[in-house]
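Reviewing the structure listed below.
Letters go in sequence order (proteins before strands), and every chain restarts at 1.
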Protein chains: 2
Amino acid sequence: MARRYDPGRRERIIDAALRVVAREGIAGLSHRTVAAEADVPLGSTTYHFASLDELLVAALRRCNENFARTVRESDCLADPGVPLAGGLTRLLEEWFAGGRGPAELEYELYLAALRRPALRAVAAEWADDLGALLASRTDPATARALVALLDGISLQVLLTGGEFDAAYTREMLGRIVDGAGR
Amino acid sequence: MARRYDPGRRERIIDAALRVVAREGIAGLSHRTVAAEADVPLGSTTYHFASLDELLVAALRRCNENFARTVRESDCLADPGVPLAGGLTRLLEEWFAGGRGPAELEYELYLAALRRPALRAVAAEWADDLGALLASRTDPATARALVALLDGISLQVLLTGGEFDAAYTREMLGRIVDGAGR
DNA sequence: CCTGGTTGTGTACGGGCGTACACAACCATC
DNA sequence: GATGGTTGTGTACGCCCGTACACAACCAGG
């Protein structure tokens with residue numbers, strides 16, 4: 001039966017799940033497709049993840065970590081000399097520059113929380129983490145609104161197939177930020 | 001074979017599809033489930049809608065119409081005496097007062113456009129229609145941003161399972177609106 | 001009344017799915 | 001090196017799916 005010693009198989013399954021979702025969407029995710037993608041036996045996926053929800057939770061969490069690292073490594077937000085709205089706009093611009101793919105993947109997992117209560121906690125973490133990051137440059141309510149507006153603008157781009165408009169984005173984020181000072 | 005004369009069967013199938021999606025999500029929508037819900041033979045659903053995408057397009061369009069009618073009938077936006085931000089907040093408040101159900105249904109269909117290009121045009125219509133409605137009270141860019149922020153705030157509520165916060169919403173919408181005047 | 005075309009149905013096929021479970025491989029203990 | 005517990009696999013079952021298609025019901029023109 002060829003059982004291999006394979007630590008980190010769990011992680012490889014999560015990676016495979018992300019590739020499957022990126023390619024075919026959550027609708028195309030099944031124990032079988034992810035097993036094939038990760039090149040592990042079918043039983044292995046059900047063994048490590050009792051349900052697809054569990055696998056999705058792990059995948060979304062991994063996504064969040066990747067995004068958080070990207071944000072932290074980018075200096076768009078760190079430098080207090082750069083206006084907050086401008087930094088956020090640049091961040092989003094870089095993100096969309098990578099094409100629809102990555103953005104679609106992250107949002108699909110994030111939005112899946114709408115129908116899957118198991119994902120809600122992770123989705124909330126994401127919003128909170130980003131909010132906390134921004135809160136160091138403004139107040140919590142404003143930070144939350146910035147996250148909401150970023151989500152809304154990104155969705156408009158992704159859902160309607162439109163283009164990302166940096167000037168417009170900067171302007172509107174600016175209105176939220178500036179409103180905090182009055 | 002009992003073929004009935006049944007005009008409006010197409011419409012009844014769309015209604016049934018909305019009920020199915022409301023109850024079980026898009027994942028639970030199939031030719032069979034919708035046929036059972038509409039109490040028509042299986043072949044009837046494939047006859048009227050060649051693919052599920054086609055059915056989803058019809059369902060989303062119907063949703064849009066319902067929402068547009070609700071907005072038009074509500075006087076939250078019509079009265080120029082009411083501040084725009086306040087009117088929108090009240091509209092959203094009434095919407096959420098109906099429970100998660102209706103909001104979940106509309107957003108699930110709307111967000112499905114992320115992965116289904118066939119729905120993009122209808123999703124774009126929705127955003128444009130609402131934008132056009134708001135544009136009569138402000139400029140187009142501001143109107144678009146208001147829609148984006150409304151989407152973002154609604155999503156935060158629905159995805160994280162949180163509560164709708166009217167005061168916060170009014171405040172942030174207000175910042176977008178007021179920013180237009182400077 | 002027949003007849004040819006259109007509209008709508010029932011059924012059956014092949015395929016992918018989640019899940020269960022017997023059992024192989026491994027490891028620690030003696 | 002036997003043994004008992006744990007970890008991981010292969011396989012098979014039953015279910016639901018989209019799709020195709022023969023054919024019933026209907027309708028209009030002759």
Given atom CD1 of Ile26(A) and atom P of dG18(C), what is their separation to the nearest angstrom?
-> 14 Å
Separation of Tyr47(B) atom OH from dT6(C) atom P, in whole Å?
-> 11 Å
In terms of heavy-atom contacts, Ala143(A) and Ala135(A) come closest through CB-N, 3.9 Å
Between Arg175(B) and Asp178(A), is the closest basic N to carboxylate O distance under 4.0 Å?
-> no
Contact class for Thr33(B) vs. all strands (heavy atom < 4.0 Å): base, sugar-phosphate, or nothing?
-> sugar-phosphate
Rounded to whole Å, CZ of Phe49(A) lies from P of dG8(D) at a distance of 13 Å
What integer distance in Å separates His31(B):NE2 from dG10(C):P?
-> 16 Å
Side-chain donor-acceptor pair under 3.5 Å between Arg69(B) and Asn66(B), yes or no?
-> yes
May I ask you to say what Ser51(A) touches in the nucleic acid, namely base, sugar-phosphate or nothing, with a heavy-atom cut-off under 4.0 Å?
-> nothing
Which listed nucleotide (dG8(C), dG10(D), dT19(C)) is nearest to the side chain of Pro41(A)?
-> dG10(D)
Cut-off 3.5 Å, side chains only: do Asp151(A) and Tyr107(A) have a donor facing an acceptor?
-> yes
Ser44(B) vs dG8(C): side-chain N/O to OP1/OP2 distance below 4.0 Å | no
Interatomic distance, His48(B) NE2 vs dG18(D) P [rounded to whole Å] | 17 Å
Could you state the CZ-P distance from Arg12(A) to dG8(D), rounded to the nearest angstrom?
-> 13 Å
What is the distance, rounded to the nearest whole Å, between atom CD of Glu24(A) and atom C1' of dC17(C)?
-> 14 Å
Is the distance from OP1 or OP2 of dT9(C) to the nearest side-chain N or O of Arg9(B) less than 4.0 Å?
-> yes
Arg10(A) side chain to His48(A) backbone, donor-acceptor under 3.5 Å | yes
For dC17(D), take OP1 and OP2 only and decide whether either is under 4.0 Å from a side-chain N or O of Ser30(B).
-> yes
Send over the distance from Asp53(B) CG to dC17(D) C1', rounded to a whole Å.
-> 16 Å
Please tell me which of the listed nucleotides, dA12(C), dT7(C), dT9(D), lies nearest to the side chain of Arg32(B)?
-> dA12(C)
Give one of base, sugar-phosphate or nothing for Leu42(A), where a contact means two heavy atoms less than 4.0 Å apart.
-> base
